[in-house]
**Q** 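This is the structure I have questions about; it appears just below.
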2 protein chains.
Amino acid sequence: MDSDDVSPLGYDAFRRTCPSHTVLEMLASKWVYLTVCALRRGRLRNGELARKMEGITPKMLTQTLRVLERDGLVRREVFPVIPPRVEYELTELGQNLAGLLSQIRSWAEEHAPEIKEARARASADHDEMAVS
Amino acid sequence: MDSDDVSPLGYDAFRRTCPSHTVLEMLASKWVYLTVCALRRGRLRNGELARKMEGITPKMLTQTLRVLERDGLVRREVFPVIPPRVEYELTELGQNLAGLLSQIRSWAEEHAPEIKEARARASADHDEMAVS
DNA sequence: ATATATAGGTACCCTATGGATAGTGATGAC
DNA sequence: GTCATCACTATCCATAGGGTACCTATATAT
């Protein structure tokens, strides 16, 4: 009952040259997921985002935020004070996406145990092969 | 009304060592998106998948399918005939995920024009900077 | 006066991944 | 005989992800 075929407007993410394909490429990043989820509740500063996303390096954080800003999902506001203060917030488009990405995140958290087991089984099978 | 904080089971995708974080990493791939979406309507053969996903190389297709199989999202069935015949289908877990990923795909297709415009604006601004 | 901390980055490098190309084995079609 | 099908596998290369160090400017601490 939905979008297994081509969308009504002729956009088709399966086609390499379709704009929607490049959108999918942009979304296919764990830092994009997490950044959008992190900003879902409201505006945050660079440092707050960095602390929230364990393991992200300043470079990757900046890079991710620049991409999200470029694509109109995030708004960046600079306060000309010292020390510098920069805040990020989702645009309406970003809010819209955040709902979906949060669902993915919830799904990942809910099904993590199952997938962990599946991986364990897979590597057990692999070891068995090595023995036989 | 949902998962902005830690999930009830203590899983938190923002933590690098959390299993759900690695699940998110696995999902963060355009080929994973597209493969799961492609299999949504039913089982397909390797060649059918390759033809459906424009631009995927045999290596990436195999790699993606192996990951999905390892994580219990896809079932692989080999028919010992010549020429070889291999079919892939979503498991229940995979079906479950496919609903969400299809929504992302629809979102990408619906909002592609907006994002295209945002990108155009961004590069126009960039050019302006270069001139001034 | 000097050193440190904060804040939000940039510059540089290095490895891992994505992606392109070519090859494999067994068969049937032309 | 040679070409195509089918589902891969192997090899190579370019790019992207990721780590570390450094930058500006000020307030605070010593």
Side-chain angles (χ1 to χ4, degrees), chain A residues 13-17 21-36 38-39 43-71 74-89 126 129, chain B residues 14-17 21-22 24-36 38-39 43-71 74-89 122 126 129-130:
Chain A
F14 284 110
R15 302 223 147 265
R16 201 176 17 184
T17 53
H21 186 95
T22 70
V23 172
L24 221 57
E25 268 181 309
M26 181 271 291
L27 294 179
S29 147
K30 74 171 171 183
W31 297 126
V32 165
Y33 276 112
L34 291 175
T35 303
V36 171
L39 287 172
R43 45 170 55 206
L44 288 176
R45 302 179 61 177
N46 186 311
E48 292 170 327
L49 284 167
R51 261 167 260 124
K52 182 143 190 161
M53 287 184 273
E54 195 184 83
I56 197 169
T57 59
K59 183 190 139 182
M60 285 312 296
L61 180 55
T62 300
Q63 206 174 93
T64 304
L65 287 167
R66 291 288 175 282
V67 168
L68 291 174
E69 196 194 354
R70 180 200 66 185
D71 288 1
V74 158
R75 195 174 300 115
R76 178 173 186 261
E77 191 171 359
V78 183
F79 300 85
V81 294
I82 285 175
R85 177 184 186 83
V86 180
E87 289 184 358
Y88 295 94
E89 66 175 341
H126 178 75
M129 298 287 277
Chain B
F14 283 109
R15 302 222 146 266
R16 201 176 17 182
T17 53
H21 186 95
T22 69
L24 220 56
E25 268 182 308
M26 180 271 291
L27 294 179
S29 148
K30 75 171 170 182
W31 298 125
V32 165
Y33 276 111
L34 292 175
T35 303
V36 171
L39 287 172
R43 45 171 54 207
L44 288 176
R45 303 178 60 175
N46 186 310
E48 292 170 326
L49 285 166
R51 260 167 262 125
K52 182 142 188 161
M53 287 185 273
E54 195 185 82
I56 197 170
T57 60
K59 181 189 142 186
M60 285 312 296
L61 180 54
T62 300
Q63 206 174 93
T64 304
L65 287 167
R66 292 287 177 283
V67 167
L68 291 173
E69 196 194 355
R70 180 201 65 185
D71 288 1
V74 158
R75 195 174 300 115
R76 179 172 185 261
E77 191 172 359
V78 183
F79 300 84
V81 293
I82 284 174
R85 177 184 186 84
V86 180
E87 289 184 357
Y88 296 94
E89 66 175 340
H126 178 75
M129 299 286 277

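Proteins come first, then strands; the chains are lettered A, B, ... in the order of their sequence lines, and each starts at number 1.
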**Q** Could you write nucleotides 8-26 of chain C as a row of B, S and -, 5' to 3', where a protein heavy atom under 4.0 Å of any base atom gives B, of only sugar-phosphate atoms gives S, and otherwise -?
**A** SBS-B-----BBB-----S

**Q** Starting at CG of B:Leu68, measure out to CE of B:Met26 and round the result to the nearest 0.5 Å.
**A**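 Result: 6.5 Å between the selected atoms.
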
**Q** Any heavy-atom pair between the side chains of A:Thr35 and A:Tyr88 that's under 4.5 Å?
**A**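 No, too far: nothing below the 4.5 Å cut-off.
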
**Q** What distance do B:Glu69 atom CD and B:Thr64 atom OG1 have between them, rounded to the nearest 0.5 Å?
**A**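 Here the interatomic distance stands at 12.5 Å.
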
**Q** With a strict under 4.0 Å distance from non-hydrogen atoms of chain A, what nucleotide opens and what nucleotide closes the contacted stretch of DNA chain D, reading 5' to 3'?
**A**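 With heavy atoms of chain A under 4.0 Å away, the range is D:dG17 to D:dT26.
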
**Q** How long is the gap from CE on B:Met53 to NZ on B:Lys30, to the nearest 0.5 Å?
**A**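 Answer rounded to 0.5 Å: 11.0 Å.
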
**Q** Can you tell me how far NZ of A:Lys52 sits from CG of A:Leu34, rounded to the nearest 0.5 angstrom?
**A**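 A:Leu34 CG to A:Lys52 NZ: 10.0 Å, rounded to 0.5 Å.
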
**Q** So, taking the atom named CG in B:Leu65 and the one named CG in B:Leu39, what distance separates them when rounded to the nearest 0.5 Å?
**A**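 The distance works out to 7.0 Å.
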
**Q** Are the side chain of B:Glu87 and the backbone of B:Glu77 linked by a donor-acceptor contact shorter than 3.5 Å?
**A**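 No.
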
